[in-house]
Number of protein chains: 2
Amino acid sequence: MVDKDNIKQIVKEKFTEYLTEKGLRKTQERFAILDYIYSSEGHFDMEMLYESMSRQHFRVSRATIYNTIELLLDCHLVLKHQFGKNTSYYEKNYNSDNHYHSICTECGMVQEIKDTGIREIIQSEKMKKFRMTHYCLYMYGICTNCENAKKSKNNNNV
Amino acid sequence: MVDKDNIKQIVKEKFTEYLTEKGLRKTQERFAILDYIYSSEGHFDMEMLYESMSRQHFRVSRATIYNTIELLLDCHLVLKHQFGKNTSYYEKNYNSDNHYHSICTECGMVQEIKDTGIREIIQSEKMKKFRMTHYCLYMYGICTNCENAKKSKNNNNV
DNA sequence: ATGTATGCAAACCATTTGCAATGAC
DNA sequence: GTCATTGCAAATGGTTTGCATACAT
């Protein structure tokens with residue numbers, strides 16, 4: 001996939017730029033983590049990242065993963081999400097579609113919702129004393145599965 | 001404040017209704033927690049709630065507070081927020097203005113942003129296989145304080 | 001050579017859990 | 001009287017921290 005490789009190259013350059021600007025070191029670990037994140041799809045948590053990397057190319061300590069994610073968040077190459085549980089989830093954030101998340105409050109299932117125009121409205125919002133860099137929209141509710149499960153449970157009770 | 005007392009009465013009734021419907025018990029602790037939440041303003045975390053209640057009317061164990069908050073979330077009398085740190089914050093959710101949150105990624109400061117019409121657009125969003133009950137919009141960026149602090153730091157370096 | 005970044009293990013701390021005692025029904 | 005709920009204290013688990021070692025500069 002040429003496109004994906006292109007993106008990997010671009011984000012690597014962006015990260016390099018960021019590290020240089022901040023006077024931070026360009027370590028193998030940092031680039032390996034970035035590369036791994038941009039090789040995967042969807043959301044991941046720290047344990048998933050740690051396990052997957054251990055299984056494959058590169059073993060990196062948890063401490064380093066946490067440290068590096070902090071940098072990637074700072075330069076906006078990664079987004080952090082907290083969907084209501086204690087574990088944080090992350091996703092790559094370059095050249096990806098604008099999307100929101102719907103979260104089922106019963107089973108915790110998270111789905112992506114494509115943007116259909118809300119973005120422009122939110123970004124045109126004027127805020128005093130605040131310069132917005134990005135935003136997250138979380139929609140909570142009940143997914144069809146859980147809705148149906150509830151219904152049949154209620155029917156049994158009656 | 002008559003208005004506040006009214007609201008307290010209404011949410012108490014709503015909670016009672018919810019407990020009855022679910023076949024759960026109407027304990028003093030549960031109503032004390034609800035009352036305390038609706039007596040306070042703004043966001044709070046579990047420790048704040050626990051401490052404040054201990055200092056005032058009613059001492060309730062942490063376990064019970066966690067348990068009760070779960071119920072209040074379920075019947076939408078309380079909202080839960082995770083602003084990026086490990087601690088969860090909560091706020092009452094009845095008859096309150098529609099608002100979003102702006103979060104400074106430098107200092108963590110959270111401010112409320114009044115809704116100016118985004119709500120209707122979001123609520124008109126059609127979602128397959130999902131019935132939305134509520135949503136949260138978080139805007140991340142830099143507050144003026146931190147922006148200025150950064151600038152003067154950069155100037156010193158140059 | 002210098003000092004930042006890593007890896008490890010221990011510490012931290014919000015949240016969850018198990019269980020005996022309490023109290024709503 | 002029964003069993004859900006409470007309070008307590010211990011356990012859990014994601015995240016953070018301290019420190020010796022490694023390595024980017």
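Convention: sequence-line order gives letters A, B, ...; per-chain numbering from 1.
- Side-chain N/O atoms of B:N67 include one lying less than 4.0 angstrom from OP1 or OP2 on D:dT6.
- Following rounding to the nearest Å, B:Y50 (OH) and C:dT15 (P) show an atom-to-atom distance of 15 Å.
- Ring to ring, A:H101 and A:F83 are close: their centroids are under 6.0 angstrom apart.
- Checking B:E91 against B:H99 by side-chain atom types alone, a donor-acceptor pair falls below 3.5 Å.
- Note: CZ (B:R30) to P (C:dT22) measures 19 Å, nearest angstrom.
- The distance from atom CD1 of A:I65 to atom C1' of C:dC8 is 14 Å, rounded to the nearest whole Å.
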TODO: Take nucleotides 9-18 of chain D nucleotide by nucleotide from the 5' end and write B, S or -, depending on whether a protein heavy atom sits under 4.0 Å from the base, only from the sugar-phosphate, or from neither.
DONE: -----SBBB-
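- Ranking C:dA5, C:dG7, D:dC8 by closeness to the B:R59 side chain, first place goes to D:dC8.
- Here the NZ atom belonging to B:K85 is positioned 9.5 Å from the CD atom belonging to A:Q82, to the nearest 0.5 angstrom.
- No more than 12 heavy atoms of other residues, nucleotides or ligands lie within 6.0 Å of NZ in B:K14, so this atom counts as exposed by the packing criterion.
- Between A:L19 atom CG and C:dT4 atom P there is a gap of 15 Å when expressed in whole angstrom units.
- Annotation for B:N93 and B:H76: closest pair ND2-O, 3.1 Å, computed over non-hydrogen atoms.
- Cation-pi geometry between A:K12 and A:F31 is satisfied (NZ or CZ under 6.0 Å from the ring centre, within 45° of the ring normal).
- Remark: B:T64 is not in phosphate contact with D:dT5, judged by side-chain N or O atoms under 4.0 Å from OP1 or OP2.
- At whole-Å resolution of the value, NZ in A:K22 and C1' in C:dT4 are 16 Å apart.
- Checked by atom type, the side-chain pair B:T16/B:K26 shows no donor-acceptor distance below 3.5 Å.
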Could you write out each protein N or O paired with an N or O of nucleotides 23-25 of chain D at a distance under 3.5 Å?
unit_1 : atom_1 : unit_2 : atom_2 : d
D:dT25 : OP1    : A:K26  : N      : 3.2

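- Between B:Y135 and B:Y100, the two ring planes are tilted [angle within 30° to 60°].
- Among A:Y138, A:Y90, A:Y89, the one residue that satisfies the ring-ring contact (aromatic ring centres under 6.0 Å, His included) test with A:H81 is A:Y138.
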